[in-house]
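For reference, the structure is listed below as structure tokens.
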Amino acid sequence: MSTLTAARYGKDLVRVFRIVKDNGVHTVAEYNVRALLEGDLETSYTQADNSVVVATDSIKNIIYWLAKTSIHVLHPELFAIEIATYFVTKYPHIHKAFVDIEKLKWSRIVVDGKPHPHSFTRDGDEKVIVNVEVDATKGKDALVATVKSGIKELLVLKSTGSAFENFLKDEHTTLVPVDDRIFSTSVDCSYDFPPFPVKKEEIGTLEGKLKFVDAAASVVKNTLEVFATDESASVQATVYKMSQKIIAENPSIHSISYKLPNKHYIPVNMAYIGIENMKPSEAEVFGPVAAPSGYITSTVTRTA
Ligand SMILES: O=c1[nH]c(=O)c2[nH]c(=O)[nH]c2[nH]1
């Protein structure tokens, strides 16, 4: 015997590019969107009953239609909330919608010191991430939204100001303590907001309450600044400092999680040709190591 215990479906990798045109000044956003639905969908799995299925093709069409009609389209959290809210209010049997947005980087090109009105450059691989759930299980008039935002693939490196010493030593230890090393990681960070009520016609008021834009700027700024300035004793100690600072500066953030690969750079031994390159403070040539990497994760949660 077996039974269906979870069911969620939708469209993934909906690529959408939007231009907002304002008197010759264009602003652009490029998103990868995933929209998944839950609700009274069991029979579509258990009885091949497609009558309850909003086709994933229609889900894609709704994302494009909202990209054209939404006044929030340039704001990833509000746009995701608007998409999710649409699904649970449009379809009586859909009780939860999950919308994940990945925002690609397009920065305005500066020409002769002036921001160009319609030209942009991909000046980094980092992406803004938004994960939204809108829950209508308490009723279509009592929607509750949960928002997680973040960044991923923000590549950073510092060439000094990092050490790793005094770690546990036993018969398995070969690592030599270092008081000066390269520290490089690809930052993957997500932070969440306490759940809040949402009404379709009041989505625009949420930015004022939750400060998504300020939070996003503060997370990038503090991640980069603490990474650069901390005299790092370990990845663990540095990530804890950045997390604490972000929680302290952003009253609307409830918790923040990081996943940080420690991308190793190993000094090249040139003793065979009489060149000293192994003393940490003097090493200048390194071999970047693709794998394995360390992998340090943490979640810091507001307690007061
Ligand atoms: O910052 C670090 N944390 C570790 O846990 C660790 N382990 C290791 O081998 N090198 C490092 N570096």
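Quick note: numbers below take in every heavy atom, side chains included, and nothing from hydrogens, waters or symmetry partners. One-based numbering, in listed order, for ligands and for the atoms of each.
- Checked by atom type, the side-chain pair N277/E284 shows no donor-acceptor distance below 3.5 Å.
- With sequence neighbours left out, D12 forms a salt bridge (charged side-chain N to carboxylate O under 4.0 Å, His left out) with R34.
- By the 4.0 Å heavy-atom criterion, E165 is excluded from the residues contacting ligand 1.
- Side-chain atoms of Y240 and Q244 form a donor-acceptor pair, as typed in the model, at a separation below 3.5 Å.
- Near N262, the atoms of ligand 1 lying under 4.0 angstrom from a non-hydrogen atom of the residue are 2 (C), 11 (C), 12 (N).
- Taking each heavy atom of F227 and F183 in turn, the nearest pair found is CZ-O, 3.3 Å.
- Within ligand 1, counting atoms from 1 as listed, the ones closer than 4.0 Å to a heavy atom of S234 are 1 (O).
- Judged by distance alone, the side chains of S293 and N262 never bring a donor and an acceptor atom under 3.5 Å apart.
- Closest to atom 5 (O) of ligand 1, if we only count protein heavy atoms, is Q236 NE2, 2.9 Å.
- Atoms of ligand 1 lying under 4.0 Å from any heavy atom of V235, numbered from 1 in the order shown and given with element: 1 (O), 2 (C).
- Annotation for R302: atom CZ counts as buried by contact number, over 12 foreign heavy atoms lying within 6.0 Å.
- The closest protein non-hydrogen atom to atom 11 (C) of ligand 1 is F164 CE2, 3.4 Å.
- The protein heavy-atom contact nearest to atom 9 (O) of ligand 1 is L175 CD2, 3.4 Å.
- Protein heavy atom closest to atom 12 (N) of ligand 1, with residue, atom name and distance, is R181 NH1, 3.1 Å.
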